[in-house]
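Values reported hereafter were calculated over all heavy atoms of this structure, with side chains retained and with hydrogens, waters and symmetry mates removed. Along the sequence shown, residues are numbered consecutively beginning with 1.
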Amino acid sequence: MFEYFPTNYVWNLATNLALNTGGHITEIDEICRPLLAASEQGDDAGTEQFFAAWCERADRLVAHAEADLAAEHELSAARKYQRASVYYLTAERQQSRGFAPRQRAYERMLDTFSRAVTLGRQNCERVEVPYEGTAYPAYLVRAQPADGQTRTPVMIHCNGLDSTKEMVYGSGIAHELARRGVSTLIVDHPGVGEALRLRGLTGYAESERWAGAAVDFLTGLDDIDASRIGIIGWSLGGYYAPRAAAFEDRLSLCVSWGANYDWGAVQRRRLAREGSNPVPHYWEHVQWVFGMDTKDEFMKFAPTMNLKGVVEKIAVPYLITHGENDRQIPLEYAHTQFEAATASPDRELRIFTAEEGGAEHASADNMSVATSFISDWIVARL
């Protein structure tokens with residue numbers, strides 16, 4: 001992984017995610033270079049400086065994009081808005097829940113992302129998924145039906161603990177799938193992104209609830225083949241996706257982009273400071289995600305987030321990928337998760353190595369390796 005900050009894994013992870021989801025290395029170097037000293041103070045300290053640096057660069061990009069628009073150069077403006085959205089999100093994700101400026105940064109991210117999609121005429125439609133008396137937002141990336149067909153297969157792509165639908169979109173996996181004839185619904189399900197930040201929808205263990213709502217939505221679309229709906233999730237989505245596939249029998253394929261067999265045990269390890277956190281202000285963050293008031297309440301809930309007795313119920317093709325250098329989820333969990341999925345008629349475990357890339361958590365060091373392999377695997381079966 002590109003380790004810009006030699007002593008700070010969490011800031012390095014954020015930087016690599018920005019690089020993998022649309023940021024430019026020269027702009028990111030300009031952002032990060034003044035932050036080197038602050039990065040040595042720990043994951044949480046200095047995050048406001050981190051926020052200011054990333055937002056300042058995003059603001060400058062917006063100004064340049066507006067100059068492009070004034071000159072009627074919409075496509076050029078779109079590219080700048082796209083990178084600005086990446087930088088706003090990178091800034092926002094690192095902050096504590098109570099840091100007031102983060103909401104403005106998040107709203108700026110949504111606005112610049114929307115402008116990038118519209119002005120760039122991108123294959124990305126914002127949709128609302130009806131869900132338990134309300135709705136959660138998603139992006140639909142459509143593939144063209146194969147010759148002689150009118151409908152496409154589709155993957156539901158869920159998030160992890162702290163990612164968003166815009167990050168998944170930026171990874172490029174939906175476009176890799178679209179080029180291969182598979183559509184993608186990228187969801188901000190309860191507990192993440194817009195569903196959490198703007199709608200107050202908190203997370204829970206039973207992912208089949210919101211996944212079932214996504215299936216209901218997709219079956220109502222004329223260009224989607226309801227008999228070929230799969231689900232994929234990265235990071236904590238490596239728990240959410242197989243949990244959904246185990247209990248939502250309309251799903252016909254599953255991918256864990258990173259195993260997550262016993263997330264409750266991971267929390268005990270993090271409490272003992274064994275293993276790296278994905279974001280600063282971690283314990284405050286997980287309480288927010290799951291609607292808990294205290295760390296003790298969260299720690300009582302966390303053991304419910306495990307796949308013991310669950311992956312055994314997956315009766316569809318199932319792929320698990322994992323990085324050999326994953327510093328958040330132990331590699332042993334990938335083997336345990338794979339070995340337990342005995343009812344799957346076609347299961348595969350793929351370990352990405354440092355030599356080929358994709359070896360860090362959710363392939364954050366090189367997502368292109370994972371997106372290509374996963375897309376090929378899905379298309380061969382879906």
- Message: Does Q144, at its CD atom, have more than 12 non-hydrogen atoms belonging to other residues, nucleotides or ligands within less than 6.0 Å?
- Response: no

- prompt: Between N20 and S171, is any pair of side-chain heavy atoms under 4.5 Å apart?
  reply: no

(Q) Do R228 and L253 have side chains that approach each other closer than 4.5 Å (heavy atoms only, starting at C-beta)? (A) no

Test item: side-chain donor near acceptor, D262 and Y239, under 3.5 Å: no

Check your understanding: Charged N to carboxylate O under 4.0 angstrom, D111 versus R115?
Key -> yes

Q.
Any carboxylate oxygen within less than 4.0 angstrom of a Lys/Arg side-chain nitrogen, looking at D223 and R151?
A. no

Given the options W377, W234, Y240, W257 meets ring pair (Phe, Tyr, Trp, His ring centres under 6.0 Å) only with W234

The reported gap from CE in M109 to OG in S114 (rounded to nearest 0.5 angstrom) is 11.0 Å

>> Does the structure place the NZ or CZ of R327 under 6.0 Å from the centre of the six-membered ring of Y9, at an angle of no more than 45° from the ring's axis?
In response: no

message = Check whether F51 forms a cation-pi arrangement with R102 (NZ or CZ under 6.0 Å from the six-membered ring centre, at most 45° off the ring normal).
response = no

Note: G233 and C158 closest approach over all heavy atoms is CA-SG, 3.5 Å

_Side chains of R270 and N277 in contact at under 4.5 Å (non-hydrogen atoms)_ = yes

* Between E208 and R243, is the closest basic N to carboxylate O distance under 4.0 Å? -> yes

(message) Between E194 and R126, does any NZ, NE, NH1 or NH2 come within less than 4.0 Å of an OD or OE carboxylate oxygen?
(response) yes

(message) Looking at S375 and E176, would you say the former's side chain and the latter's main chain have a donor-acceptor pair under 3.5 Å?
(response) no

Please test W210 against Y131 for ring-ring contact (aromatic ring centres under 6.0 Å, His included), starting from the C-alpha separation and ending with a verdict. CA-CA 7 Å; W210 52 255; Y131 157 79; 8.6 Å; no

Task: Minimum side-chain heavy-atom gap R97-Q287 below 4.5 Å - done: no

May I ask you to decide whether D68 forms a salt bridge with R79, counting only side-chain N to carboxylate O separations under 4.0 Å?
no

**Request:** Please lay out, stage by stage, how H322 and Y333 fare under the test ring-ring contact (aromatic ring centres under 6.0 Å, His included).
**Result:** CA-CA 9 Å; H322 209 79; Y333 282 8; 8.5 Å; no

Would you tell me whether Q82 and Q122 have side-chain atoms, one donor and one acceptor, within less than 3.5 Å of each other? yes

Shortest non-hydrogen pair, W263 vs N260, comes out as CD1-OD1, 3.3 Å

- Message: Just checking F5 against W11, ring centres under 6.0 Å apart?
- Response: yes

Looking only at heavy atoms, the pair that brings L161 and P278 closest together is CD2-CG, 4.2 Å

- Message: Would S227 and D225 count as a side chain to side chain donor-acceptor pair (under 3.5 Å) here? Give the steps.
- Response: CA-CA 5 Å; S227 69; D225 183 347; 2.6 Å; yes

Here the gap from L198 atom CG to E107 atom CD, rounded to the nearest 0.5 Å, amounts to 6.5 Å

Open item on the list: Please tell me whether Y106 and R197 have a donor and an acceptor in their side chains that are separated by less than 3.5 angstrom.
Closed with: no

Here the pair of heavy atoms bringing S235 nearest to G160 is CB-CA, 4.3 Å

Next on the checklist: With a 4.0 Å cut-off on N to O distance, would you call R350 and E356 a salt bridge?
Outcome noted: yes

Between the side chains of E30 and R33, is the shortest nitrogen-to-carboxylate-oxygen separation below 4.0 Å, so that they form an ion pair? no

Indicate yes or no: at least one non-hydrogen side-chain atom of Y87 is less than 4.5 angstrom from one of R108.
no

In short, I25 meets L19 closest at the heavy-atom pair CA-CD2, 3.8 Å

R347 charged N/C atom sitting above Y318 aromatic ring, 6.0 Å / 45° = no

Taking NZ, NE, NH1 and NH2 as the nitrogens, is one of them in E128 or R199 under 4.0 Å from a carboxylate oxygen of the other?
yes

Legend entry - Test of ring centre spacing under 6.0 Å for F99 and H281: no

Please assess F113 against Y139 for the test ring-ring contact (aromatic ring centres under 6.0 Å, His included), listing each intermediate value before the final yes or no.
-> CA-CA 12 Å; F113 183 88; Y139 296 134; 5.0 Å; yes

